[in-house]
Structure formats: structure tokens, C-alpha cells
Novice: 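This is the structure, below, for whatever I ask next.
Just so it is clear, the model here is predicted, and its values are computed rather than measured. Residue numbers start from 1 in every chain, and the chains themselves are labelled A, B, ... in the order their sequence lines are given, proteins ahead of strands.
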2 protein chains.
Amino acid sequence: MSRHPALQPFVRKLSERSHLSEDERHILLDLDGQKAEFAPHRDIVRPGELTDFCCLIVSGMAARFGQLPDGTRQITAVYIPGDMCDLYSLMLPKVEWALQALSSRLVILKVPHRKMLEIVRAYPGIAEACWRDCVADASILSQWVVNIGRRDALTRTAHLFCELGLRMETAGLGSRTAFELPVIQSQLADALGMTPVHMNRIMRALRQQELLTVRGREVQVRDWNALARAAGFEPGYLAIDHRWRRMD
Amino acid sequence: MSRHPALQPFVRKLSERSHLSEDERHILLDLDGQKAEFAPHRDIVRPGELTDFCCLIVSGMAARFGQLPDGTRQITAVYIPGDMCDLYSLMLPKVEWALQALSSRLVILKVPHRKMLEIVRAYPGIAEACWRDCVADASILSQWVVNIGRRDALTRTAHLFCELGLRMETAGLGSRTAFELPVIQSQLADALGMTPVHMNRIMRALRQQELLTVRGREVQVRDWNALARAAGFEPGYLAIDHRWRRMD
DNA sequence: CGGGTAATTGATTTTGATCAATTGGTGTGG
DNA sequence: CCACACCAATTGATCAAAATCAATTACCCG
């Protein structure tokens, strides 16, 4: 049995993209670390520091924030349970991006870099799986650039909800048409590059067009195909469909 | 001596971010591949295919394109000589993003995945350097999300020119204040998420504020500090300053 | 006759102006 | 924190003219 059940969705996600041996899976499931809880607006890691641990999301949601000199913020990535939200810090430990909780209660598991580096050195299959995970994250980032750069506010918002729905479903946290999103509108606005007021308008429009309803923190999609069509959503970039080659 | 001198800037860039032994450097400099030339609007790799090679930019510029159902395009990454523009395809060979020339004459070196995978398997130091390179690319993507999401058109454009200037200088292709940019305004617009007409307005504004002049394909920056200040440019995200730890 | 240079042409890119649509800003009440 | 109204600012869309660039053709001279 694993000391931290929260590792299971993480290892499952890695296994869906990369082939891992029984051995390798056990090594990962046996990782140890320190649990920690964070409230929104508290930095998990602070830009400028050097990190020496990776954060596995246990419960709640987190996001990576960019900040402009004038204080406006832009979310560049949203992380859900099972995501190792700064796996990339293994390669670039100098923190350039703040990591914060989105939900009111975020629980993470801090896994020391030292331990992770030991493992990736000893098990090339794990190294490959982690490298591939970083690449898949970058693929999502590319899609975000397209989304923010070229889609209008409604389509853009619909696209984000499609992405989150699919990721939540894959992580075993509800279905793409019904999942919990512990996030307020101004945080969505920060993720989509718009103002909170406009975000509110768009949520109303989505509701009126019967594409999406949010009641409390619960997202309800009446007709997934309609939403995906409105968003121009193509899930290929999430790289959750197939298993890819391994190095050795 | 290396069969392909174009490999030298690539290996130099890797060495600036990761420690590589003499051996490892030689292995990389000794890579072989097939040269190819592309004109703009011709796909180097086509979405939907499986790639089996990586592209090293020898001369000219290339970009990664996202496309919406209605045909509008968004550039998600710009690549200059010395960049291995789809190193990530080693991990996710299914092509999700078109890769095209920006400049009229783009020369690339196609290095087979098979060979690259052999090398990263045999030399963990090289694997780490490549992994780190992928992570640095993702860091640039994050900054692009911030840039497109939260900066206004003028600041956004200034920021891109800062980034390109610094990358060109680091690659040994001119200085941050004077470099060649073989790219037309509508391509810049595609990179910055705006329309070509608005791009033109912004270029005029940059000229009038004496921040930037473009004559022919030559970018001229009169006062780098003024441009960087206007852009709110912080170069840390480019990860070109320091050398980081290696795994073994 | 051939090589190089200059002019012509056509296509592409840049520039500019005007109007429309989207998005941002502020404030109030639930 | 969400909803909604109002007005302002930024950006998008369309169109037309100028400027630039590329390729071809014509021309000159050795």
C-alpha cells in the first residue's frame, strides 16, 4: 500500500501517457513527502527563490500566476488533483512563476527534488514519463496561447470549460458534463485574460445560450457536443488518448 | 570537426543551461541529418501525422502555428537558428501543431528520432539537457500567455521585440538593439494575437515614441532600457543566465 | 553571343482613415 | 461574491492608396 493515496491518480496519469513497469510504478507510489495546506493568495513557492521540492495536488485546485509590474495577474496553468504542478522545477529550480491555491482548501504533498532526482536517475522509464509529462503541459500552454490570442471571450471561456471538464473526468473527479470547480469568476477572468466584469457577462451569455450552468461550485453542461462545437474544441492537445513509445 | 556547423549554436545553447561533458558535446556535434529548405506556408510537419525527426534551424526563422476551425492562425512559438524547434516531438511524436517557415528561405536539418533516442538513452546528461530545454521552451510559452492575456497591444509588441532581441543576441546573431527579423507585419500580428491592421498602428506608435525602428528587415532599438521599461520586460523566464544542476 | 545591369511589371506589404464591435472601467444593489 | 447597467477605451473590420519587393524582360557592353 502507498503511504499517500494521493499518488495513485498521479501514477495513473503518467501510465496513460508512458509505459511504466510494475517496479517503476511501485517506486513512484512509494514516494514520501510532507503534506501542507494553503489558502488562496498564499504563495506555495515565491518567484526569485530556488525550490527544492515538487508539489503534488492532493485536493483542491492550484494555479500558476504571472504578474505584471502594475500588479495585474494572469493565470498560465490550472492544476487539479493528481497533477504534479511543478514537475518542471526539477529542471529549472529557479522560481519564475508564483504558485497559489485557487480553492479555499488546497492540500499538497511536497516531494523533495533530491528524492525525485534519485529516482529519475535510477529509472530511465520514469525519467521519460516525467519528461513527457512536462511536454504535455507545454502542449496545453500552446493551446492557451491560441485560445487567448485568437478566440473571442465566449468561445474562449467555452474552450476552457471543455478542457477542465475533460481533465476532471480523466482524473476521476466527476464527468465532463458535471464537475466541481472551486473557483470564483475573477479567477476565471485571470485565466482567460479578461476583466471580472466581462467574465460575468460571458457566464451569463453561456447560461442564456444553455451551454453551461454554474450552481454554487458545480458546473453543469447540458449538451457536451454543443459546448465543444461552440468552443471549437479538439482534445488532441491534451495527449490523454494514447500511450507513446518509451526510450529503452 | 562537425559535419554540420549548424549544430554548434545548438550545442552551445544546451551547454549554457546544462552541464555537458566533452564526450557528450562531441556526440551532439557529430549528429547527422538531412538538410531541407522550406518556403513560408509550407508545412514542415503536418498536424495529424507522426513525426520521426527533429528539426534544427540552420538559417532563417520558423514558427509553430495553431489554427482555428475558421482558419485564423496563432503563432505559439518562434524559432531562430540554433533552436531544435520540435525537440518535444521526441516525447509526443503525434503532431498537434503545424511548423512553418517565417522567413522566405528557411534551412533546417532533420535529425531522426531514432538517433536522438539512442543518444538520450546512452547519455543521461544529454537527456537532462534536452528535458531542460523543453522546460525552458514551456517557460517562454507561459510568458506568452501572460503577454497576450494581460498586456495591451503596444506593451505586448515591445515585449516580443525584447525577447527576440535577447534571443538573437544570445544566439550570436546580432545584438539586442540591432538584429535582422525576416518577418512581415501580419506574421507578427499572428504571434501577438492581433489583426495586421492593428499591428501596423502599433508599429507606427513604437516608431513615434522612438522605441523601435524597422527598416527593411532590420530592427533598430535606440534605447534598450527604454524599450524594456515600456515592455515590463524581465528576462528571467528565458533561463539563459545560469547553469543548473545535472542529475548524476 | 554572354554576362551583368537597369527598367518594367505585377504581386505583396505597408500605411492610413473610418466605422463597428468587443472589451474594459466604475458603480450600485442583491 | 455575483449580477447588472452605463459609458469609455481598445481593438477589429473594411477599404483604398502608397510603397516595397520579386521576377521578368530589355538593354548595354565586353
Side-chain angles (χ1 to χ4, degrees), chain A residues 39-41 61 68 70-74 101-105 147-160 180-209 212-220 230, chain B residues 37 39-42 60-61 68 70-74 101-105 147-158 160 180-209 212-220 230:
Chain A
H41 297 281
M61 282 192 177
L68 263 55
D70 69 358
T72 57
R73 293 144 49 101
Q74 170 70 44
L102 286 180
S103 56
S104 52
R105 268 195 301 282
N147 205 28
I148 297 175
R150 284 300 184 208
R151 279 187 246 260
D152 65 21
L154 189 95
T155 318
R156 188 148 96 223
T157 306
H159 195 278
L160 179 63
E180 200 184 333
L181 188 69
V183 153
I184 65 177
Q185 289 187 356
S186 70
Q187 292 172 323
L188 284 176
D190 278 341
L192 290 164
M194 27 200 265
T195 56
V197 176
H198 198 52
M199 188 75 245
N200 182 266
R201 272 198 283 260
I202 298 299
M203 295 307 292
R204 176 177 19 161
L206 285 168
R207 205 182 314 135
Q208 283 170 351
Q209 298 182 24
L212 199 68
T213 330
V214 179
R215 272 225 308 265
R217 303 273 87 108
E218 189 74 18
V219 177
Q220 291 273 352
Chain B
E37 186 167 338
H41 298 283
R42 295 288 312 258
M61 281 190 176
L68 264 54
D70 69 358
T72 57
R73 294 143 49 100
Q74 170 70 44
L102 286 180
S103 55
S104 53
R105 268 194 300 283
N147 205 27
I148 297 175
R150 284 299 183 209
R151 279 188 246 258
D152 67 18
L154 189 95
T155 318
R156 190 148 96 223
T157 306
L160 178 63
E180 201 185 334
L181 188 69
V183 153
I184 65 176
Q185 289 186 359
S186 69
Q187 292 172 324
L188 284 175
D190 278 340
L192 291 165
M194 30 202 262
T195 56
V197 175
H198 198 53
M199 188 74 244
N200 183 264
R201 274 198 281 257
I202 299 302
M203 294 307 294
R204 174 178 22 163
L206 285 169
R207 204 182 315 135
Q208 283 170 351
Q209 297 183 25
L212 199 68
T213 329
V214 179
R215 271 225 309 262
R217 303 275 86 111
E218 190 75 17
V219 177
Q220 291 273 351

Novice: I'd like to know if the side chain of B:Ser103 reaches the main chain of B:Met61, judged simply by a donor and an acceptor atom lying under 3.5 Å from each other, with no hydrogens or angles considered.
Specialist: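 Side chain of B:Ser103 to backbone of B:Met61, a donor-acceptor pair under 3.5 Å: yes, one is there.
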
Novice: In whole angstrom, what separates A:Arg156's CZ from C:dG24's C1'?
Specialist: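 For the pair A:Arg156 CZ and C:dG24 C1', the rounded distance is 12 Å.
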
Novice: Please report, rounded to the nearest Å, how far the C1' atom of D:dA8 is from the CZ atom of A:Arg201.
Specialist: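 Those two atoms, CZ and C1', are 12 Å apart.
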
Novice: With distance as the sole test, does B:Arg156 use its side chain to make a donor-acceptor pair with the main-chain N or O of B:Arg151 at under 3.5 Å?
Specialist: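 Yes: the side chain of B:Arg156 pairs with the backbone of B:Arg151.
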
Novice: Pick the closest DNA chain C nucleotide for A:Met194 and for B:Arg217 by heavy atoms, then say which residue is nearer the 5' end.
Specialist: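 Of the two residues, B:Arg217 wins.
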
Novice: Check every atom of D:dT11, C:dT26, D:dC2 against the side chain of B:Ala153 and return the nucleotide holding the closest atom.
Specialist: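 Among D:dT11, C:dT26, D:dC2, the one nearest the side chain of B:Ala153 is D:dT11.
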
Novice: Mapping A:Val183 and A:Gly149 to their closest nucleotides on DNA chain D, which lands nearer the 5' end?
Specialist: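 So the residue in question is A:Val183.
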
Novice: Rounded to whole angstroms, how far apart are CZ on B:Arg207 and C1' on C:dT15?
Specialist: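 Between C1' of C:dT15 and CZ of B:Arg207: 8 Å.
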
Novice: For A:Arg217, does the CZ atom have more than 12 heavy-atom neighbours from other residues, nucleotides or ligands under 6.0 Å away?
Specialist: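 Atom CZ in A:Arg217 is packed in, count exceeds 12.
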
Novice: Between P on C:dG24 and CG on A:Leu192, what's the gap in Å once rounded to a whole number?
Specialist: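 Going from CG in A:Leu192 over to P in C:dG24 covers 11 Å.
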
Novice: Are a donor atom and an acceptor atom from the side chains of A:Arg201 and A:His198 found within less than 3.5 Å of each other?
Specialist: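 Result is yes, a qualifying pair exists.
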
Novice: Choose from D:dA5, C:dT14, D:dT14 the nucleotide whose nearest atom is closest to any side-chain atom of B:Gln185.
Specialist: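 Closest of the options to the side chain of B:Gln185: C:dT14.
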
Novice: How many whole angstroms separate atom CZ of B:Arg150 from atom P of C:dT23?
Specialist: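 Computing the B:Arg150:CZ to C:dT23:P distance gives 13 Å.
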
Novice: To the nearest angstrom, how far is A:His198 atom NE2 from D:dA9 atom C1'?
Specialist: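 That distance rounds to 13 Å.
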
Novice: Hey, does B:Gly193 reach any base, or is it just sugar-phosphate, or nothing, if we go heavy atoms under 4.0 Å?
Specialist: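 It contacts sugar-phosphate atoms only.
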
Novice: Which listed nucleotide (D:dC1, C:dG24, C:dT23) is nearest to the side chain of A:Thr195?
Specialist: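 Selected nucleotide (nearest to the side chain): C:dG24.
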
Novice: To the nearest Å, how far apart are A:Asn200 CG and D:dC6 P?
Specialist: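 Distance, rounded to whole Å: 15 Å.
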
Novice: Output the rounded distance in Å from CD1 (B:Ile202) to C1' (D:dT10).
Specialist: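 My rounded result for the distance is 9 Å.
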
